[in-house]
Structures are given as structure tokens and as C-alpha cells.
Amino acid sequence: MRVFQIEGDWGMDNLRLSERPEPTPGPFDVIIAMRRASLNSRDLIVPERGYGRATGELPLIPISDGVGEVVAVGDAVTRVAVGDRVCPTFFQDWPAGEPTAARFASALGGPIDGVMADLVCYSQEGVVKVPAYLSDDEAATLPCAALTAWSAIVTHAGVRAGDRVLIQGTGGVALFALAFAKMHGAHVTVISSSDEKLEHVRSRGADETINYRTTEDWARASRPITAAKGGNDTIVELGGSRASLLAAVMTSRRCSLR
Amino acid sequence: MNQHQIHPVLGETFPFADLKAGLAHMKAGAGMGKTLIGF
């Protein structure tokens, strides 16, 4: 079967179209014929071994997110059946609870082989059935990006109606965070370097927008938006730099930083 | 998501063999929505 894998040595140049034998399922495993994959920023980091030892071993099949159809199951499988449309979970061994080293080490597309293969084999505990209303394209985007946003907005921040939420950027996690924050009734501000993208997020429910290229001190510019509360209840920090994190903290109503 | 019928934002789709072009497209960040790979 076709796979993409990082082989020989690390580096994007060693990410190649290749062949592997088709997998056979163990008693608790399912075989999925992949239909769609979706890309995340981490997929640029993995080929360069950007997570160090936690990136995994070569050869490694990259890419975390996708959707496919169950085409074979092991004898002991009860959770899914042949014909089900499923997404593999981003963390194969983290169904719930606090993070642990072992759970972090179960990420798909590094260190565990990812979804860039015609057929993939995972435990029945590591797949989730997809709601019928989602297209294959839509379902493929959920495991990493949507779960990251859900974890931030719902699980950790506990966003509620009337909360002020600020989201950095318009990438995958940001757009899901916007949808989930609006779903919970929050007032959402989105910042981006592009007016065109800001116009788009307004059409998807953003209440306020700030262009951080034309308004460099966006943290200050956000103050009037949150004046009644003294800052944002939740900031989804996606900039990834120290400056971005610091500015995010400065817009929080929960801390005072001068 | 089912209850609120939330639809993810979709971007460009690339064929399986063009994974690296898809990764480059995502890295450039010019578009919006998730970059997809077909099989």
C-alpha cells in the first residue's frame, strides 16, 4: 500500500512516497481505509524531529488528522464495526483525565505512525465514530485542531455566556475556538494581520476584530472592548512567541502586569 | 458539534502524492481553513 514516510534520516527532504505491507489487525485492532487527511502546524515540525526524542523513530508515517472507513476488525472488537466512518484520535492512549508522559507519547503522526497511508491499524479505543452531518472533508479536520480548541474553551476555560474571549489569529485552532466560544454565548475578539481574514471571521460570528499589523499594541487596543470587565476572561494564545504570550497576559482580567 | 451543527472551515485540497505541496501551502498561510489531503 501507499504511504508517505520520513525515511533514512530526519528532514523534510526525506519525507517520501513509499510502500509498506498492508497491516493485519490484532484482536482489539481496527483497520481503516483512509479517505481524507488534514494538516496541522505540527506536521511541519515532525519531519525536522522538532519534538526531539518525543518525535519518534524512523521510518515514521506523518500527519495526525484524518477520517476513513473501517474495513476490518479484530475478533475482540466491540466498539466499531466494518463500514463505520471513524476518525483516529490524536492521542491514541488518552481517553480522558490528566496529562501523563505516557499519554503525551501516544500522539499520531509522531511518535506513533500517522494517517498518510492507504490503510492504518489502531486500537478500537483509539477511534471515534463521526456524526453523519459532517462531510469527509469536515470530519478530517477534527482530531487535533478541534480538540485543542475544545480543550481550551470548554474543558479548561469553562467559557460561559457573556464571557470576553480573545483569540489570536485565524488558523485551524483559532477558527474552532471562535465557533466553540460563540456556541457557549461568549463575546469574541479575534486578532489577525489581514483585514480580509478579519472580515471573514466577522461573518463567522466574531464580535470585534483588531489588525495587529496596523495596530501594533493590540493589547492596549483591546482594553475598550473589555473595559466593563477589566480584561478578557479567556485568551487563546496561539502566537507562540514570548511577546505574544506577554501581550496575551496583559489583556487578561485575572492578572495585573505593568 | 452535532447539536449545534458546527461546520469546520475548509481550505484547499491536495492529492495524496502532493503532500509536500499541501504542507508548503499551509506553511505559507495565505488562505483560510484547513488544508486537506485526498486519498
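Chain letters run A, B, ... following the sequence lines, proteins first, then strands; residues in each count from 1.
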Are D195(A) and N211(A) close enough that a side-chain donor and a side-chain acceptor fall under 3.5 Å? yes
Contact class of V3(A) relative to chain B, heavy atoms under 4.5 angstrom: backbone
Taking side chain to side chain contact (heavy atoms under 4.5 Å, CB included) as the criterion, tell me which of L108(A), L142(A), V128(A) meets it with T89(A). V128(A)
Let me know if L39(A) has heavy atoms under 4.5 Å from chain B in its side chain, its backbone, both or neither. both
Toward chain B, the part of N40(A) with a non-hydrogen atom under 4.5 Å: both
Under 4.5 Å between any side-chain heavy atoms of L166(A) and W218(A), yes or no? yes
Measure from the side-chain N and O atoms of K182(A) to the backbone N and O of A186(A), and report whether any donor-acceptor pair falls under 3.5 Å. yes
Name the region of F14(B), side chain, backbone, both or neither, that has any atom closer than 4.5 Å to a heavy atom of chain A. neither
With only heavy atoms counted, which part of H7(B) is less than 4.5 Å from chain A, the side chain, the backbone, both or neither? both
Max heavy-atom pairs within cutoff under 4.5 Å with chain B, candidates M34(A), H200(A), R2(A), goes to R2(A)
Residue from T170(A), L17(A), L15(A), D43(A) scoring the most non-hydrogen pairs under 4.5 Å with chain B is L15(A)
Does the E237(A) side chain pair with the main chain of G239(A), one donor and one acceptor, at a distance under 3.5 Å? yes
Measure from the side-chain N and O atoms of D163(A) to the backbone N and O of V165(A), and report whether any donor-acceptor pair falls under 3.5 Å. no
